[in-house]
Amino acid sequence: MEIYRQAIAEAVKQLIPVDEITLEVPPDPKLGDLALPCFPFAAILRKNPAAIAADLKDKIGGLDFVDRIDVVGAYLNFFLDRETVIRDTIEAIRSKGGAYGSSGRGRGKKALIEHTSINPNASPHVGRARNALIGDSIVRLMRFEGYDVCVHYFVNDIGKQIAMLVLGAEGRDDVTFGDLLDIYVDVNNRIKDDPRLEAEVFELLHRLERGDKDALERFRRVVDICIEGQTRIFSELGIYYDVFKHESDYVASGATDEILQRLEATGRLERDVEGRFVLNLDGYNLPSRAPYVVLTRADGTSLYPLRDIAYTIDKVKTESEVNIVVLGEDQKLYHQQVSAALDILGYKAPVSVHYSFVLLPDGKMSTRQGTVVLLEDFMREAVAKATEEMAKRHGEADPDTAKAVAYGAVKYAILKVANERNVTFDWSSALSFEGDTGPYLQYCHARINSIMRRAGGELPSSADFSRLTEDIEYELVKELAGFPTAVSKAVDEFSPHVVANSIYRVAKAFSTFYNQCPVLNAEDPEVRDARLLLSTAVKQVLANGMALLGIDPVESM
RNA sequence: GCGCCCGUAGCUCAGUGGAUUAGAGCAACGGACUUCUAAUCCGUAGGUCGCAGGUUCGAGUCCUGCCGGGCGCGCCA
């Protein structure tokens, strides 16, 4: 659809001296495929818009893909030649296959994306999972665009919380991932009325910071359990990481000390009344009460921002053309502070992608009130539901397909919402497999596959697309043609939900087509062949779009 | 108190650098399976786009104020 827009825009520019031309999609397909509002030209030509439109209609030329132009008020409505659009689109999908929709803008370029990076103290809840889901989809989008992507996970293996876990797990060599949250809660409670325990926590931290081998090992053991547990869950969802960087390494290697020295040299490093090292961010106009970020405790141990600055510098030094970090909305100010610190040291900070939290119908998730929804539980419930639904239909359920359907529902439920909006999680709609859901897309894909299977043998190598005369067939093709635009927008804005939206529209249009137009039993072989190729194209686009969301396109369900 | 984000149908959400008549899903009601998978489709009903101003020939979309929700504002990460 973009090529037609551009061609029309060029033709208009031949007649009217404007830089930018906006072509819209009319509210009703009956009005046309593309519309040119002539209001903006009124000021330039000093004529009334309707007259300009009428004039333009007669003068515009060289558009052989345009079938007809209507003037409606100040609008010039273009009706494209259906056969041309259908042929162009289906041919493009056929020739590009799995790459249809990619602009190829990332070819030969590197991208680095950090996402997830959860506190390794417990099983992730669906709020945390939103980070991984959005991050992973962005990874997929970037790879689709041709980028050589390296996925980072920054492991928080140091800090007070981890030290508490290490202490709580002491003397137990049977600690599992599932035990960690209880241990953490337990230590947290004990620490309240036992100051000595807290002192012990800091002593442990201190030893780690001094490079104590034994402490390091004990920390690593607990952290490894966490990472193993978390990545197991994420890998179940098809989410993988290329590089794990540990915070403690930046302390052990002396990188954090070096950062302090370099900041010292800028004159912005100060020591506050308590003896902590703080960085003066004056002049960066940050929305905080005081322009300071605290880098160390009074005892000299590092705080998270210092370690993160060291890590982030490490990341930007890889000289990736694109450097992205996915963070919750609670990290907005924090990221600005890190960016300022990097700026002070002469580096360009990564681009941040922020998302809002997942809420429950009656409020926020609360660990203390036990209202968190664990990702694992969500996944398990979804698999149970998928298995049940399949058994209902086929008597039995293929476990792999059940998982694919279940996880498709899980991912889609979260990814279809725009990043900056809060997701309201409620079990019934999150586990719904009807309507605007992941399984709906998969079902559509499976139905097309079923047609292909029944068609048997080879697909026709070509078809007479002039035989696709139903309105819905043309509407469907236009949705297919809109997919590349959606992908580009999703990449530009780091917004997977744009892709989700686009393929939902494709699936919706296909379902209408499916109910209205028989493919295998079409009125004659030529229509059949054309519909067969159209359906194949739909299958390809659905598969491409689902891949970008990390949803498996099942062959039958 | 200050800063950022969000507010669209009963509920959950779309709405493309302002523009022709605001769209889906769920829930409700009524239809469609001896016919390519009914996890589907078709129809009906449902909206002063939070409120009030402003800019514009034209505002769900831009600006200001207010209200409501989310997030943040030095020793958690």
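A note on names: the letters A, B, ... follow the listed sequences, proteins ahead of strands, and every chain is numbered from 1.
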Spacing of the P atoms in U8(B) and G47(B) (rounded, Å): 15 Å
Sugar-phosphate, base or nothing in reach of N77(A), heavy atoms under 4.0 Å: base
Whole-Å distance separating the CG atom of L359(A) from the C1' atom of C5(B): 12 Å
Sugar-phosphate, base or nothing in reach of C38(A), heavy atoms under 4.0 Å: nothing
Secondary-structure stems, RNA chain B, at least 3 Watson-Crick or G-U base pairs under 3.5 Å: B:1-7 with B:67-73, B:10-13 with B:23-26, B:28-32 with B:40-44, B:50-54 with B:62-66
Residue-phosphate contact under 4.0 Å: R297(A) side-chain N/O, G74(B) OP1/OP2: no
Integer-rounded Å distance: C36(B) P and L534(A) CG: 19 Å
Touch class at under 4.0 angstrom, heavy-atom based, for T296(A) against every strand present: nothing
Main-chain N/O of A446(A) paired with S450(A) side-chain donor or acceptor, under 3.5 Å: no
Residue-phosphate contact under 4.0 Å: K364(A) side-chain N/O, C71(B) OP1/OP2: yes
Span that lies between the C1' atom of G60(B) and that of A9(B), in whole angstrom: 14 Å
Earlier contact from the 5' end, RNA chain B, for P518(A) and Y440(A): P518(A)
Torsion-based syn/anti label for G68(B), 90° from 0 as limit: anti
Residue-phosphate contact under 4.0 Å: H445(A) side-chain N/O, A39(B) OP1/OP2: no
Sugar-phosphate, base or nothing in reach of E555(A), heavy atoms under 4.0 Å: base
Chi-based syn or anti call at C33(B), which uses purine or pyrimidine torsion atoms and a 90° bound: syn
Sugar-phosphate only, base, or nothing, as touched by R454(A) at under 4.0 Å among non-hydrogen atoms: sugar-phosphate
Sugar-phosphate, base or nothing in reach of G73(A), heavy atoms under 4.0 Å: nothing
Under-4.0 Å side-chain N/O to phosphate OP1/OP2 contact, R130(A) with G70(B): no
P atoms of U40(B) and C62(B), separation to the nearest Å: 35 Å
Sugar-phosphate only, base, or nothing, as touched by L303(A) at under 4.0 Å among non-hydrogen atoms: sugar-phosphate
Spacing of the P atoms in G1(B) and C11(B) (rounded, Å): 28 Å
G30(B) and A22(B), which share atom name C1', separated by this distance in whole Å: 26 Å
Aromatic ring proximity, centroids under 6.0 angstrom, F378(A) and F425(A): yes
Under 4.0 angstrom between T424(A) side-chain N/O and C13(B) OP1 or OP2: yes
Short side-chain to backbone donor-acceptor contact, H246(A) and S248(A), under 3.5 Å: no
Distance-only donor-acceptor check, side chains Y292(A) and E270(A), under 3.5 Å: yes
Under 4.0 angstrom between K508(A) side-chain N/O and C42(B) OP1 or OP2: yes
Of Y292(A) and Q331(A), the one whose closest RNA chain B nucleotide lies more 5': Y292(A)
For atom NZ of K539(A) and atom P of U37(B), their distance in whole Å: 13 Å
Presence of R421(A) side-chain N/O under 4.0 Å of A14(B) phosphate oxygens OP1/OP2: yes
Expected output: side-chain S495(A) to main-chain H497(A) donor-acceptor under 3.5 Å: no
Touch class at under 4.0 angstrom, heavy-atom based, for A455(A) against every strand present: nothing
Spacing of the P atoms in C42(B) and G58(B) (rounded, Å): 38 Å
Donor-acceptor contact below 3.5 Å, side chain H445(A) vs main chain V554(A): yes
Sugar-phosphate, base or nothing in reach of H354(A), heavy atoms under 4.0 Å: nothing
Touch class at under 4.0 angstrom, heavy-atom based, for E329(A) against every strand present: base
Whole-Å C1' distance, G17(B) and A59(B): 15 Å
Heavy-atom donor-acceptor pair, K403(A) side chain to V383(A) backbone, under 3.5 Å: no
Sugar-phosphate only, base, or nothing, as touched by S556(A) at under 4.0 Å among non-hydrogen atoms: base
Ring centre gap for Y4(A) and F78(A) strictly below 6.0 Å: no
Touch class at under 4.0 angstrom, heavy-atom based, for E247(A) against every strand present: sugar-phosphate
Rounded C1' spacing from G23(B) to G53(B) in Å: 28 Å
Sugar-phosphate, base or nothing in reach of S432(A), heavy atoms under 4.0 Å: nothing
Sugar-phosphate only, base, or nothing, as touched by F39(A) at under 4.0 Å among non-hydrogen atoms: base
Distance below 4.0 Å between Y514(A) side-chain N/O and C33(B) OP1 or OP2: no
Short side-chain N/O contact from Y443(A) to OP1 or OP2 of A39(B), under 4.0 Å: yes
Cation-pi geometry met for K385(A) and F433(A) (6.0 Å, 45°): yes
Ring-ring centroid check F513(A) F510(A), cutoff 6.0 Å: yes
Donor-acceptor pair under 3.5 Å, R505(A) side chain vs A24(B) base: no
